[in-house]
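Data block below; observations after.
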Amino acid sequence: MSEIFRDVFGNAVELTEERWQHILLHHPVMERYRARIAEVLMGPNVVQQCDFNPNEFRYYRRYDNLRNASYLFVAVIKEEDRSFIITAFPIRKIREGGTLVWLKI
């Protein structure tokens with residue numbers, strides 16, 4: 001079953017069950033952070049457009065209470081007719097190699 005979120009730009013972003021299972025397989029800690037995916041998309045500190053894949057957008061939100069990380073990271077693919085999450089996980093710092101699209105001051 002899919003879940004639909006809204007991002008900071010008002011776009012609908014889908015999280016499919018297949019992608020959620022992929023996330024849990026590679027990042028089991030995300031089980032406790034699923035509810036925060038909506039927070040990351042709606043209230044990111046930073047959004048980057050990936051330099052090598054312009055359809056990929058990277059959302060980061062800073063949290064003070066993450067174990068061994070500073071941000072939750074959510075990667076979204078935006079196609080012409082839909083947007084969907086491809087992965088999500090805690091991360092220590094914002095990745096280099098992206099064009100800044102959004103910055104919360």
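- For the pair Ile23 and Ala88, the tightest heavy-atom approach, listed with the atom from each and the gap, is CG2-O, 3.4 Å.
- Taking both residues in full, the closest heavy atoms of Leu100 and Trp102 are given as CD1-O, 3.3 Å, listed atom of the first, atom of the second, then distance.
- Counting only heavy atoms from C-beta outward, the side chains of Val29 and Pro90 approach each other to under 4.5 Å.
- Arg61 is linked by a salt bridge (Lys or Arg N to Asp or Glu O under 4.0 Å) to nothing, counting only residues two or more places apart in sequence or in another chain.
- Partners of Glu18 under the side chain to side chain contact (heavy atoms under 4.5 Å, CB included) rule, at least two apart in sequence or in another chain, are Thr16, His22.
- Under a hydrophobic-cluster definition in which Ile, Leu, Val, Met, Phe, Trp and Tyr are linked whenever side-chain heavy atoms come within less than 4.5 Å, directly or via other members, Ile86 and Met30 are assigned to different clusters.
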Chi angles and distances behind the side chain to side chain contact (heavy atoms under 4.5 Å, CB included) call for Leu66, Arg36
CA-CA 11 Å; Leu66 297 177; Arg36 290 190 175 180; 3.7 Å; yes

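- Cluster annotation: Leu24 and Phe5 are assigned to the same hydrophobic cluster (Ile/Leu/Val/Met/Phe/Trp/Tyr, side-chain heavy-atom contacts under 4.5 Å, transitive).
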Review item, side-chain donor-acceptor pairs of residues 39-50, under 3.5 Å, at least two apart:
{"unit_1": "Glu39", "atom_1": "OE1", "unit_2": "Tyr63", "atom_2": "OH", "d": "2.6"}
{"unit_1": "Asn45", "atom_1": "OD1", "unit_2": "Arg62", "atom_2": "N", "d": "2.6"}
{"unit_1": "Gln48", "atom_1": "OE1", "unit_2": "Tyr60", "atom_2": "OH", "d": "3.3"}
{"unit_1": "Gln48", "atom_1": "NE2", "unit_2": "Arg95", "atom_2": "O", "d": "2.9"}
{"unit_1": "Gln49", "atom_1": "NE2", "unit_2": "Pro54", "atom_2": "O", "d": "2.7"}

Quick one: side chains of residues 73-84, donor-acceptor pairs under 3.5 Å with protein atoms, not counting sequence neighbours, listed by atom name and distance.
{"unit_1": "Lys78", "atom_1": "NZ", "unit_2": "Asp7", "atom_2": "OD2", "d": "3.2"}
{"unit_1": "Lys78", "atom_1": "NZ", "unit_2": "Tyr59", "atom_2": "OH", "d": "3.2"}
{"unit_1": "Arg82", "atom_1": "NE", "unit_2": "Glu14", "atom_2": "OE1", "d": "3.4"}
{"unit_1": "Arg82", "atom_1": "NH2", "unit_2": "Glu14", "atom_2": "OE1", "d": "3.1"}

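- Linking ILVMFWY side-chain heavy atoms closer than 4.5 Å, directly or via other members, places Ile85 and Leu25 in two distinct hydrophobic clusters.
- Applying the side-chain hydrogen bond (donor to acceptor under 3.5 Å, both in side chains) test to Arg19 and every residue at least two apart in sequence or in another chain returns nothing.
- Atoms CD1 and OG, on Ile91 and Ser70 in that order, are 10.0 Å from each other to the nearest 0.5 Å.
- Annotation: the span from Thr99 atom OG1 to Phe57 atom CZ amounts to 9.5 Å, rounded to 0.5 Å.
- Residues passing the side-chain hydrogen bond (donor to acceptor under 3.5 Å, both in side chains) test with Glu17 are Gln21, sequence neighbours excluded.
- Residues Tyr71 and Arg92 come closest through the heavy atom pair CD1-O, 3.8 Å.
- One hydrophobic cluster holds both Leu103 and Ile94 under the rule that ILVMFWY side chains link at heavy-atom gaps under 4.5 Å.
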Taking it one step at a time, do Val13 and Ile4 satisfy side chain to side chain contact (heavy atoms under 4.5 Å, CB included)?
CA-CA 6 Å; Val13 179; Ile4 304 295; over 6 Å; no

